[in-house]
Amino acid sequence: MSSKHPNIILITSDQQRADCNGFENPHIRTPHLDGLARRGTRFSACITPNLVCQPSRASILTGLLPLTHGVWDNGVDLDARIGADGFAGTLARAGYQTAFLGKAHFATKATFHATGSPECRFSQAEYGAGWTGPYMGFQHVELAVLGHMHRTRPLERPPMGHYERWLIARGENEEGLKRWAAETRPDSGAAQTWYSALPVAWHTSTWVGDRTIAWLNGQRDKARPFCVWASFPDPHHPFDCPEPWSLMYDPKGVPLPKHRARDLERRPWWHKAVLESRPQLADPELLKFRAEGSRVPEQSDRQLAEMTANYYGMISLIDHNVGRILTALSDLRLAGDTLVVYTTDHGELLGNHGLYLKHPIPYEDLLRVTMVARGPGVAAGKVVSEPVSTLDLAATFYEYAGIARPAALQSRSLGRLLGGGAETRDVAYSEWHVHASRCGVGLKLRTVRTKTHKCTFELESGAGELYDLANDPAEMDNRFNDPGCATVQKELHDLMRARPGVARADLAEPIGMA
């Protein structure tokens, strides 16, 4: 590691599978991420602390597990005091310049009432067009609050964030916005999928790249180190890739999962329950929002291929803008002094086991995420197979910045592994704790992931699922309560019980939807 404290750039996507990068999947083109992997270190067994956006993003920021920082599901806001003590605020107090550009989702946009957050749809009047922070420890912020346009409701009025205000300024009228959200090709019938007519120059992925480059070039003190989080809203559904990226992959040529039929009879009870139960919400608008956003009917092979092709196109567009950011670093002669990390908040089921989007069903498609890093002192071309978590980024940034880690942190620095050293990691944790109001069934899930196995325990019912990932990577055979796996199951149960830190008992009620 360099003796000079490096700059830090954290680049994230939203809902990107770990196998949707060129270095793991020859069917997808991500030349810039592939270059990061060649010149740096990637983690092949990195998991998310939670299976949906808000809890996992709060864990990245704070270095705390969801039941410790208190964001147990989408619709639950991160306490601003806890957020301000995350890596951004801590680095800012140590002299770093901190900035956030893109989708934050530390707080809820579709709330029941005004919350005072800059991400809340009822609180926008409090934040004028000139507001740029501070927020959750970041001194400068430019937010893409909505991120995605819908065919029937392109943008809410008034516009929610910096990106949305900027986009509306590009359009002549409301009809122009509807035209951009229309399709350039006939509707395939694939769920959550269409071919957007939005010009690529005005897409969120382009905007995040533009704003990050602008900040690097002009909106910082050149004499101080910086920490910037560039957060792309894609490839989160709806899968609405713009041209020409929507034409990059022929649906006839994309691979489909080998096991794409639902096999609920082989799974623990909650798999079926979360697919068939209705959220218990009084607000009909939010109930419709929740149902449309997570309940996807089984798709034909043609529909799944259309969905996958658009999903791949969204990732390649992100990769293009990652390349632009890396080029800007090089042009500014900052590449050698900057730790660059690319990861995501959680994965995407994308038809495996007949499932789509995200559910409290921690298959590797959803649990395992990409994480790759390049920078001073980072070993080149190394693949780390130890179980780690995006939770570990906070402690890693503290080490690189030369800052003592807070005592309560549940994050462990990846510094030794990034430097090419040997270090054994026994386990990484993920947790899901939701009320029936959220997904139709109450669940208390605790997942432990080791190098060779994964087990999820449902604490209320005592049910669970155990997979031997070394011999059954497709997760076809649930070995929970199998006498032949009794020893392994006990070891994993002991690891689950040894979860570090304290879990909060006073979990806040949800204040809205995702």
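Fair warning: this is a prediction, and the values are worked out from it, not measured in the lab. Sequence positions, counted from 1, serve as the residue numbers for this chain.
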Residue pair D345 / T48, side-chain heavy-atom distance below 4.5 Å:
no
Pairs in or reaching into residues 77-86: which pass salt bridge (charged side-chain N to carboxylate O under 4.0 Å, His left out), with residues at least two apart or in two chains?
D79-R81, D85-R93
Using the side chain to side chain contact (heavy atoms under 4.5 Å, CB included) rule, pick out the option among Y163, F100, W207 that qualifies with E142.
W207
Would you check if T30 and I315 make a side-chain contact, meaning some heavy-atom pair closer than 4.5 Å?
yes
R412 versus T424, closest heavy-atom pair with distance:
NH2-O, 4.3 Å
Look at D14 together with R57 and state whether they make a salt bridge at an N to O cut-off of under 4.0 Å.
yes
Sub-4.5 Å side-chain heavy-atom contact between D19 and R368
yes
Per the salt bridge (charged side-chain N to carboxylate O under 4.0 Å, His left out) rule, what does the pair list look like for residues 384-396, sequence neighbours excluded?
E386-K451, D392-R425
What I want to find out is whether D494 reaches R497 closely enough, with some N-O distance under 4.0 Å, to be called a salt bridge.
no
Would you please classify the geometry between the H346 ring and the H236 ring as parallel, tilted or perpendicular, with 30° and 60° separating the classes?
perpendicular
How about N50 and S59: do any of their side-chain heavy atoms sit closer than 4.5 Å?
no
Does the side chain of T41 reach to within under 4.5 Å of the side chain of L417, using non-hydrogen atoms?
no
Do T390 and P49 have side chains that get closer than 4.5 Å, going by heavy atoms?
yes
If you define the side chain from C-beta out and look only at heavy atoms, does anything of V427 sit under 4.5 Å from R449?
no
Side chains of H69 and L78: closer than 4.5 Å at any heavy-atom pair?
yes
Pairwise distance CG(L355) to CG(D365) - rounded to 0.5 angstrom
8.5 Å
So, for W215 and F138, is the gap between ring centers shorter than 6.0 Å?
no
